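Numbering starts at 1 and runs along the sequence shown. These figures come from a predicted structure and were not determined experimentally.
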Amino acid sequence: MILERLQELARRYMKARPWMLVLATLSLGAGTWILMTSGDQADDIAFIPVMLLFAWATMLHSFLNLFAHVPPHVQPGGKFGNRLTARLKRGAYYLFAILMAVVSLLLLVTTLQMLSAWRAMY
């Protein structure tokens with residue numbers, strides 16, 4: 001049920017996948033440019049927001065890639081090997097869903113901390 005909902009969500013926003021990749025690439029390039037050209041702290045005012053943008057764009061791109069094709073439910077009348085394989089695949093996807101939720105929560109906490117540090121610095 002959860003995997004199907006995640007698959008539906010990923011498929012609904014599949015058109016955003018290339019944009020997330022472009023956004024991640026541009027923000028990484030901008031962060032690199034800021035580091036290479038900044039002479040002091042005043043020059044790197046946009047570094048924290050650009051790196052947070054990179055992290056979120058990468059996370060969203062990974063979500064859309066991972067959950068676009070969820071393995072189907074286990075068929076009760078199939079062979080034992082096929083049922084075991086299907087259960088293992090779905091189990092791995094459940095594990096990925098839990099890890100994605102944990103990493104998203106950690107990224108949200110990191111974002112809030114980094115933005116408050118950024119606001120205090122500038």
Side-chain angles (χ1 to χ4, degrees):
M1 176 99 159
I2 285 181
L3 292 181
E4 285 74 22
R5 178 69 179 132
L6 292 175
Q7 182 178 16
E8 177 187 326
L9 195 62
R11 286 186 176 175
R12 183 182 312 153
Y13 295 109
M14 189 56 73
K15 291 181 182 177
R17 188 175 65 159
W19 293 106
M20 290 299 114
L21 185 60
V22 167
L23 189 61
T25 304
L26 289 176
S27 60
L28 184 62
T32 304
W33 177 260
I34 290 169
L35 284 177
M36 299 295 258
T37 60
S38 68
D40 59 356
Q41 185 179 358
D43 290 341
D44 58 358
I45 189 170
F47 183 70
I48 290 176
V50 164
M51 287 298 104
L52 290 174
L53 184 64
F54 169 74
W56 279 106
T58 304
M59 185 71 176
L60 289 171
H61 186 266
S62 298
F63 172 81
L64 293 174
N65 275 337
L66 181 62
F67 291 106
H69 305 289
V70 173
H73 281 287
V74 176
Q75 300 300 325
K79 294 181 180 179
F80 175 74
N82 292 340
R83 289 187 320 206
L84 181 63
T85 302
R87 282 195 176 123
L88 287 175
K89 284 181 182 179
R90 286 185 66 85
Y93 270 81
Y94 276 114
L95 182 62
F96 290 145
I98 291 168
L99 289 174
M100 186 70 71
V102 168
V103 171
S104 296
L105 183 63
L106 293 173
L107 185 57
L108 180 64
V109 169
T110 301
T111 299
L112 294 174
Q113 289 177 346
M114 294 298 287
L115 287 178
S116 66
W118 178 69
R119 188 179 45 206
M121 287 171 33
Y122 301 103

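Within 6.0 Å of the CG atom in Leu99, the count of heavy atoms belonging to other residues, nucleotides or ligands exceeds 12. Enclosure of atom CE in Met36 is not indicated, since only 12 or fewer non-hydrogen atoms of other residues, nucleotides or ligands lie within 6.0 angstrom.
To the nearest 0.5 Å, atom CH2 of residue Trp56 and atom OG1 of residue Thr58 are 11.5 Å apart. Here the CE atom belonging to Met121 is positioned 8.0 Å from the CE atom belonging to Met114, to the nearest 0.5 angstrom. The CG atom of Leu28 lies 5.0 Å from the CZ atom of Phe54; values are rounded to the nearest 0.5 Å. For the atom pair CG of Asp44 and OH of Tyr122, the computed distance is 4.0 Å after rounding to the nearest 0.5 Å. Put simply, CD1 on Ile45 and OG on Ser38 are 12.0 Å apart, with the number rounded to the nearest 0.5 Å. The CG atom of Leu64 lies 11.0 Å from the CG atom of Leu21; values are rounded to the nearest 0.5 Å.
Linking ILVMFWY residues whenever their side-chain heavy atoms come closer than 4.5 Å, directly or via other members, places Met100 and Leu3 in the same cluster. In the hydrophobic clustering of ILVMFWY residues, with side-chain heavy atoms under 4.5 Å counting as a link, Leu66 and Tyr13 come out together. In terms of hydrophobic clustering, with Ile, Leu, Val, Met, Phe, Trp and Tyr side chains grouped at heavy-atom distances under 4.5 Å, Leu9 and Phe96 are assigned to a common cluster. Leu53 is not connected to Leu108 by any chain of hydrophobic side-chain contacts under 4.5 Å among Ile, Leu, Val, Met, Phe, Trp and Tyr, and they are in different clusters. Linking Ile, Leu, Val, Met, Phe, Trp and Tyr whenever their side-chain heavy atoms come within less than 4.5 Å puts Leu107 and Phe63 in one cluster.
Within the 4.5 Å cutoff, the side chain of Arg90 has heavy atoms near those of the Val70 side chain. At a threshold of 4.5 Å between non-hydrogen side-chain atoms, the residues Thr85 and Lys89 count as touching. Proximity of Met59 to Val103: side-chain heavy atoms (C-beta onward) are separated by under 4.5 Å at one or more points. Using a 4.5 Å heavy-atom cutoff, the side chains of Glu8 and Arg5 are in contact.
In terms of heavy atoms, Ala10 sits closest to Ala68 at CB-N, 4.0 Å. Taking all atoms of both residues into account, the shortest heavy-atom contact from Val50 to Gly31 is CG1-N, 3.5 Å.
With hydrogens and angles disregarded, no donor-acceptor distance shorter than 3.5 Å links the side chain of Gln113 to the backbone of Thr110. Side-chain atoms of Tyr93 come within 3.5 Å of backbone N or O of His69 as a donor-acceptor pair. In this structure a side-chain-to-backbone donor-acceptor pair under 3.5 Å is missing from Arg17 to His61.
Annotation: side chain to side chain donor-acceptor pair (under 3.5 Å) contacts of Arg119 (sequence neighbours excluded): none.
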